[in-house]
Enquirer: 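The structure is given below, and queries will be raised subsequently.
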There are 2 protein chains.
Amino acid sequence: MKRNTWQREAVREALDDTEGFISAQALHSALHASGSPIGLATVYRALGDLAAKGDADSLQSPEGEALYRACSTTGHHHHLICRNCGLTVEIAADEVETWAKRVAAEHGFTGAAHVVDVFGLCANCTKLGTSETGRNP
Amino acid sequence: MKRNTWQREAVREALDDTEGFISAQALHSALHASGSPIGLATVYRALGDLAAKGDADSLQSPEGEALYRACSTTGHHHHLICRNCGLTVEIAADEVETWAKRVAAEHGFTGAAHVVDVFGLCANCTKLGTSETGRNP
DNA sequence: ATGGTTTTGACAATCATTATCAATAAGAGA
DNA sequence: TCTCTTATTGATAATGATTGTCAAAACCAT
């Protein structure tokens with residue numbers, strides 16, 4: 001039987017309060033920062049449960065971390081994420097929307113969902129121009 | 001200066017001989033199995049180089065492993081993946097390419113990398129009916 | 001062949017994630 | 001409300017992929 005714990009509530013709320021995707025580790029840090037003594041393993045479990053129940057989306061970042069997002073079926077949009085400071089900008093993506101649908105249809109695919117997110121260095125972090133990793137163009 | 005070593009050749013050939021995606025670990029095992037004493041770290045480096053040069057594709061498996069594949073098309077492209085049977089189709093994505101660059105630039109972002117993958121049900125799996133195998137949410 | 005430099009490879013280090021397991025607390029029933 | 005059963009928690013160990021280290025080996029222009 002599923003039990004309700006404040007921990008699970010906390011994770012769900014923290015995820016709801018988050019714009020865009022966040023890693024389990026980051027979410028755990030955020031919870032700690034706001035005074036919650038929740039354990040890391042519990043955050044992982046809660047996020048896993050949410051994803052399994054379909055209440056959360058998950059994707060893999062280019063670095064291989066698992067990122068989670070509250071599943072807001074209302075209003076679909078994408079994200080531009082700074083890989084240095086984590087700044088996230090919401091972006092409209094009508095073009096991509098249409099493109100994804102068309103491409104899927106062309107290959108006979110149905111029920112197409114797409115993961116479209118752009119990672120980069122935001123203006124600030126670019127200016128600071130520290131030790132860059134120089135990844136894919 | 002880049003040097004040519006039999007190790008890099010071996011990795012490139014092993015990747016060419018592989019259908020679909022393969023993990024670095026698996027490729028290393030395969031090489032060992034065919035008598036090559038190549039080191040694991042070297043396989044990782046070679047694959048990384050190939051991916052950086054655009055001669056190989058890489059994506060993250062749902063389990064978080066990095067998977068590689070010999071790149072048939074030159075240049076960067078994306079994938080259309082069946083969430084039921086795993087069938088993967090390479091898709092050109094010039095539009096998305098341009099879009100991603102433009103959006104990043106508009107917001108002052110530099111060094112943009114993007115995650116653009118479309119998941120859906122391929123023609124076959126659509127025909128078979130959706131809720132049969134019920135694997136991926 | 002020689003020398004300067006890149007590359008290799010065994011192993012340690014790192015990072016995210018999962019398993020372990022005793023202690024805790026949720027919730028049903030008395 | 002109180003008790004009891006058992007799902008859940010959390011500190012930590014374990015796991016598994018990937019990256020860093022650095023001396024030794026290999027490559028290639030000369």
Side-chain angles (χ1 to χ4, degrees), chain A residues 1-15 18 21-53 55-69 81 83-84 86 119 131-136, chain B residues 1-15 21-53 55-69 113 115:
Chain A
M1 176 201 299
K2 269 280 194 256
R3 293 176 183 179
N4 286 342
T5 62
W6 64 265
Q7 286 96 335
R8 266 200 267 261
E9 277 304 307
V11 169
R12 181 185 293 253
E13 283 180 16
L15 198 62
T18 303
F21 288 90
I22 189 172
S23 71
Q25 306 264 353
L27 198 64
H28 177 239
S29 298
L31 282 165
H32 259 207
S34 44
S36 184
I38 192 172
L40 176 58
T42 304
V43 173
Y44 273 98
R45 277 186 290 242
L47 284 174
D49 287 352
L50 286 176
K53 250 206 315 181
D55 287 346
D57 268 342
S58 72
L59 66 83
Q60 302 280 337
S61 81
E63 287 76 27
E65 263 182 305
L67 303 181
Y68 295 87
R69 172 174 75 169
I81 304 159
R83 67 165 147 257
N84 189 61
F119 296 83
S131 50
E132 246 270 37
T133 43
R135 294 180 67 92
N136 254 345
Chain B
M1 175 202 295
K2 269 278 193 258
R3 292 177 184 177
N4 287 340
T5 62
W6 64 265
Q7 286 96 334
R8 266 199 266 261
E9 277 305 307
V11 168
R12 181 185 294 253
E13 281 180 19
L15 198 61
F21 288 89
I22 188 171
S23 71
Q25 307 265 352
L27 198 63
H28 177 239
S29 298
L31 282 164
H32 260 209
S34 45
S36 184
I38 192 172
L40 177 59
T42 304
V43 173
Y44 273 99
R45 278 186 290 243
L47 284 175
D49 287 352
L50 285 176
K53 250 205 316 179
D55 288 345
D57 261 343
S58 72
L59 64 82
Q60 302 280 338
S61 80
E63 286 77 28
E65 263 181 306
L67 303 180
Y68 295 86
R69 181 171 73 163
V115 177

Enquirer: Among the candidates C:dT8, D:dA11, D:dT18, find the nucleotide nearest to the side-chain atoms of A:A41.
Expert: D:dA11

Enquirer: A:E65 CD to C:dT18 C1': how many Å, rounded?
Expert: 16 Å

Enquirer: May I ask you to test the B:Y68-B:L27 pair for a side-chain heavy-atom distance under 4.5 Å?
Expert: no

Enquirer: Give, for atom NZ of B:K53 and atom CZ of B:R12, the distance between the pair rounded to the nearest 0.5 Å.
Expert: 5.0 Å

Enquirer: When the axes are fitted on five pairs at both termini, how much does the helix from C:dA1-D:dT30 to C:dA30-D:dT1 curve, in 10° steps?
Expert: 40°

Enquirer: Give the rounded distance in Å between these two atoms: NE2 of B:H28 and P of C:dC11.
Expert: 12 Å

Enquirer: Give me the atom names and distance for the closest heavy-atom approach of A:V43 to A:A24.
Expert: CG1-O, 3.8 Å

Enquirer: Expressed as a whole number of angstroms, how long is the span from B:R8:CZ to C:dT6:P?
Expert: 12 Å

Enquirer: Test B:R45 against B:T42 for side-chain contact (heavy atoms from CB on, under 4.5 Å), laying out the working first.
Expert: CA-CA 5 Å; B:R45 278 186 290 243; B:T42 304; 3.7 Å; yes

Enquirer: In whole Å, I'd like the distance from the OH atom of B:Y44 to the P atom of D:dG20.
Expert: 13 Å

Enquirer: Where along nucleotides 23-30 of chain D does protein come under 4.0 Å, by heavy atom, of base (B) or sugar-phosphate alone (S), with - for untouched nucleotides?
Expert: ---BBS--

Enquirer: Report the distance from atom CG of A:L40 to atom C1' of D:dT12, rounded to the nearest whole Å.
Expert: 11 Å

Enquirer: For A:L31 and D:dG10, what is the distance between atoms CG and P respectively, to the nearest whole Å?
Expert: 11 Å

Enquirer: Output a table of donor-acceptor pairs, distance under 3.5 Å, between side-chain atoms of residues 30-41 of chain A and any protein atom two or more places apart or on a different chain; print 'none' if there are none.
Expert:
{"from": "A:H32", "atom 1": "NE2", "to": "A:I38", "atom 2": "O", "distance (Å)": "3.1"}
{"from": "A:S34", "atom 1": "OG", "to": "A:A30", "atom 2": "O", "distance (Å)": "3.0"}
{"from": "A:S34", "atom 1": "OG", "to": "A:L31", "atom 2": "O", "distance (Å)": "3.0"}

Enquirer: Expressed as a whole number of angstroms, how long is the span from A:I38:CD1 to D:dT8:C1'?
Expert: 11 Å

Enquirer: Considering non-hydrogen atoms only, spot the tightest contact between B:R3 and B:R8 and give its length.
Expert: O-NH2, 3.2 Å

Enquirer: Can you tell me whether the side chain of B:R45 and the base of C:dG9 have a donor-acceptor pair closer than 3.5 Å?
Expert: yes

Enquirer: Just the rounded figure in Å: distance from C1' of C:dT14 to CD of A:Q25.
Expert: 12 Å

